[in-house]
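In this text the structure is predicted, and so the values were computed from the model without any measurement. Side chains are part of it too, since the values below use all heavy atoms of this structure and drop only hydrogens, waters and symmetry mates. Reminder, nothing fancy here: chain letters follow the sequence lines and each chain counts from 1.
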Number of protein chains: 2
Amino acid sequence: MNFTKTTEYGLRIMSYMSLDNSKLYTANDLFNNLQIPFRYLRKQLNFLSKQGLLVSIQGKQGGYQIAKPLHEITLLNIVEATDEVIPENKCFFGFHDCPLTEKCSMHDKWGDVRDATLEILRTTTLFDLNKEKCSINLSLK
Amino acid sequence: MNFTKTTEYGLRIMSYMSLDNSKLYTANDLFNNLQIPFRYLRKQLNFLSKQGLLVSIQGKQGGYQIAKPLHEITLLNIVEATDEVIPENKCFFGFHDCPLTEKCSMHDKWGDVRDATLEILRTTTLFDLNKEKCSINLSLK
DNA sequence: ATTTAATGATACCTTTAGGGGTTATTTAAA
DNA sequence: TTTAAATAACCCCTAAAGGTATCATTAAAT
């Protein structure tokens with residue numbers, strides 16, 4: 001009942017980099033500021049680049065940068081890139097042939113929660129995160 | 001962004017057995033009606049018994065039965081028994097030292113979703129599931 | 001008493017998420 | 001043109017979740 005570490009790291013990386021999306025961040029820089037194991041961070045930066053969320057620049061003075069305008073990247077984009085997203089019609093009890101047309105009490109209740117979750121992920125962009133004061137800086141040691 | 005299989009199975013088992021909580025269900029019976037691998041099902045029935053959610057009766061004519069009145073078992077009880085409990089104040093970005101007193105936009109938004117999720121799990125009992133028509137039967141092949 | 005139909009206990013196997021190590025490749029700067 | 005600072009690629013290790021196999025124990029029915 002959580003995001004995977006990979007998704008969590010993905011959200012953390014992208015949100016941190018969105019604080020200044022014109023800047024080129026090195027893996028070392030991110031390692032020093034985020035609480036992510038170095039090798040795993042490297043692997044994931046690579047992955048996020050291949051997914052088109054980051055642009056990577058090789059060589060000396062290289063680094064990573066957010067690939068698109070902040071308002072074009074939603075949290076759902078990040079979650080989808082790093083994990084399987086909850087299918088829209090997933091049965092609460094995990095029956096793969098639970099017909100959505102047949103309503104059980106959990107279908108409705110759970111559907112509401114799932115929809116609310118997805119709605120937030122879908123409508124919140126990296127730009128939105130920084131509109132208001134965000135504690136990302138504060139939350140780092 | 002899902003329950004674990006173990007939690008999903010737990011919910012499935014308990015909800016199915018709540019259709020008739022006076023009945024003694026054998027592992028074989030449950031295997032024939034739920035879509036859970038037999039050996040794993042056996043292990044989990046054992047586990048749920050130790051957790052006090054089921055009562056097991058050994059020997060010929062034995063089986064499993066829900067341990068308490070249906071209205072005394074919430075979905076959260078089942079989730080907590082089979083998975084790590086969802087922390088109340090978990091930072092969306094997974095920073096373990098993210099201070100809740102400092103508000104970032106995600107803290108509020110995500111907090112609302114998390115609260116709604118927990119509220120449903122906490123307030124829905126096995127009794128509630130069967131108040132309304134439930135498609136559990138229909139969802140089985 | 002013996003058989004039989006049930007659960008209990010335990011150890012093992014498999015897959016995958018998370019993490020680590022090493023060597024190549026790129027490119028700006030000396 | 002060599003060096004240094006960066007990313008890329010590849011392979012391996014570990015722990016935990018999910019799943020399997022086997023044998024022991026219980027207790028009703030014969």
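Contacts between residues 38-56 of chain B and DNA chain D, defined by a heavy-atom separation under 4.0 Å, are made by B:Arg39, B:Tyr40, B:Lys43.
Taking the side chain to side chain contact (heavy atoms under 4.5 Å, CB included) definition, one finds that A:Thr4 meets it with A:Thr6, A:Thr7, A:Asp83, sequence neighbours left out.
Here the straight-line distance linking atom CG of A:Leu126 with atom CE of A:Met14 works out to 5.5 Å at 0.5 Å rounding.
Note: B:Tyr25 and B:Tyr64 fail the aromatic proximity criterion, with ring centroids not under 6.0 Å apart.
Residue B:Thr6 has a polar side-chain atom (N or O) positioned under 4.0 Å from OP1 or OP2 of D:dG18.
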| Derivation and outcome, side-chain contact (heavy atoms from CB on, under 4.5 Å), residues B:Leu30 and B:Tyr16 | CA-CA 8 Å; B:Leu30 294 168; B:Tyr16 181 76; 3.6 Å; yes

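Checking B:Tyr64 against B:Lys60, the closest nucleotide of DNA chain C that is more toward the 5' end is the one next to B:Lys60.
When rounded to the nearest whole Å, the span between CD of A:Gln65 and P of D:dA6 equals 16 Å. The OH-P distance, from A:Tyr25 to D:dT7, rounds to 14 Å in whole Å. The nearest whole Å value for the distance from the CD1 atom in B:Ile57 to the C1' atom in D:dA28 is 12 Å.
Using a 3.5 Å distance cut-off with no hydrogens or angles, the side chains of A:Asn21 and A:Ser18 do not pair a donor with an acceptor. With 3.5 Å as the limit, one finds a donor-acceptor pair spanning the side chains of B:Asp128 and B:Thr125. Side-chain contact, B:Asp20 with B:Ser22: a donor N or O sits under 3.5 Å from an acceptor N or O.
Using cut-offs of 30° and 60° on the angle between ring planes, the pair A:Phe3 and B:Trp110 is parallel.
A 4.0 Å heavy-atom criterion places the boundary nucleotides of DNA chain C facing chain A at C:dG18 to C:dA28, written 5' to 3'.
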